[in-house]
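For reference, the structure is listed below as structure tokens.
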Amino acid sequence: MADRIRLAVVGCGDVAFRTYLPSLEQLGDVSCVTATCDLDSGRARSAAELSGKWSGDVRSYTDVGACLKSGDFDGLVNLTPGPSHPRVTHEALAAGVHVFSEKPLANSIPEAQALIELAKEKGRLLLCAPATTVTNRWLLVERLVKSGELGLPTLITGQHSSMGPAGWRGYTGDPEPFYSPEVGPILDLGVYLLHAMTSLFGPALKVSASGTIAIPQRRVLSQGAARRVIEVRTFDHVLLQLEFPNGMAQLTTSFAVAASRAPAIEVHCTEGSVSVGQGGWFDPDASVDVYKRDEDNEHAEGWRVETPSTPGAVDNLIGMGPAHFVACLRDEEEPVLTAEHACHVLEIALRAKESAAAGRALTLETTF
Ligand SMILES: NC(=O)c1ccc[n+]([C@@H]2O[C@H](COP(=O)([O-])OP(=O)(O)OC[C@H]3O[C@@H](n4cnc5c(N)ncnc54)[C@H](O)[C@@H]3O)[C@@H](O)[C@H]2O)c1
């Protein structure tokens, strides 16, 4: 298997063990892990031991610089906490390594643009989560909408909410950074839907948002910091509206919603609608509901269920990110999860926070 893409996994925390390593195991025919790195040597070693089962020899590191010096891999998967993403990604690109970064790409637009420039200068691939738009489920939605069967898309509505990692009993990482101004629900959850919305409508022109801190102090239920109480330092409810050249979108995203049965995302067209449920949201191959209206024949109107015909390479949405990264490095797919797209979504998220504070709509400048 000499032609397998060799990867370094940097940041061996919750998402690495929960999702990335199991997904990379499913990609064992086309990629392998050759290095793991975490500030915590025990976690780096555990990740190396686990991935060694399908990868062969895996070395573990506690310092990204030392890991990069080994030169033992083609691509690096950046799974450090959000605020550390740009520093780790910059170091890897500067060393000539392709990067797949968890979201967000960076903490600011200039920082994101500098990474995009560096990737170009070095001729390296820079891709970014979330992987919503490469799932078979979303590709099916895009096909249905673009086929014209439902008329023209005019409005997309979405909701992605939870209590956030502090309320997630099974979470093993530190939930505190998620409630800081650097993250919050838009950058952690809302981005899944913002990528979907902008993949259909293209770059947005304007954002307006409002936000509030609904539950200012959180009792932490997760294993990563059990029994602590943390302060919420960013809006935990955010309502956001987007204007596009040919459409509108509305998003509710929150870390203060106990449960919801609202659909994750719905695309409304002049002749029908597509509804994507929250149930199975992380299943990349789950079905969608389609409503077709017919002004001439009411008996022809109604809902039907559509299911993607071929299953994806891995069985969860998050794992589709590294699957796409590996496929791009093997020249089997064209890059979809581009850093330019992630930069535009980052601008929406950052400007939404500004808009909520300023109480007015703001114009967006980036494009992809
Ligand atoms: N946990 C999930 O289910 C989930 C899902 C989707 C996306 N994500 C994203 O994945 C990223 C990581 O989240 P997580 O939940 O795994 O967090 P986590 O806190 O559990 O893990 C992060 C790990 O990175 C390590 N780390 C920090 N700085 C480092 C550095 N400079 N070099 C090497 N290691 C470093 C930490 O020691 C820790 O083990 C975040 O961006 C998060 O938004 C997480």
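Numbers here are sequence positions counted from 1. Note that ligands are numbered from 1 as they come in the structure, with each ligand's atoms numbered from 1 the same way.
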Checking contacts here: is it the side chain or the backbone of K103 that comes within 4.0 Å of ligand 1, counting heavy atoms only? Could be both or neither. both
For ligand 1, indicate whether the residue F282 contacts it via side chain, backbone, both or neither (heavy-atom separation under 4.0 Å). neither
Could you tell me whether V64 approaches ligand 1 through its side chain, its backbone, both or neither, with non-hydrogen atoms closer than 4.0 Å? side chain
Could you say whether the N/O atoms of V15 and ligand 1 ever approach to under 3.5 Å? yes
Identify the protein heavy atom lying closest to atom 40 (C) of ligand 1, giving its residue, its atom name and the separation to 0.1 Å. T80 O, 3.7 Å
Could you pull out all residues at least two apart from F235 that satisfy ring pair (Phe, Tyr, Trp, His ring centres under 6.0 Å)? none
Taking only non-hydrogen atoms of F17, do any sit less than 4.0 angstrom from ligand 1? no
Qualifying side-chain hydrogen bond (donor to acceptor under 3.5 Å, both in side chains) pairs, either residue in residues 231-240, two or more places apart: Q217-E231, R218-D236, H237-S254
Looking only at heavy atoms, is any part of L79 under 4.0 Å from ligand 1, and if so is it the side chain, the backbone, or both, or is it neither? backbone
Please determine if H85 has a nitrogen or oxygen closer than 3.5 Å to a nitrogen or oxygen of ligand 1. yes
Location of contacts on I318 toward ligand 1, heavy atoms closer than 4.0 Å: side chain
Report the part of V183 (side chain from C-beta onward, or backbone N, CA, C, O) that has a heavy atom under 4.0 Å from ligand 1; answer both or neither where that applies. neither
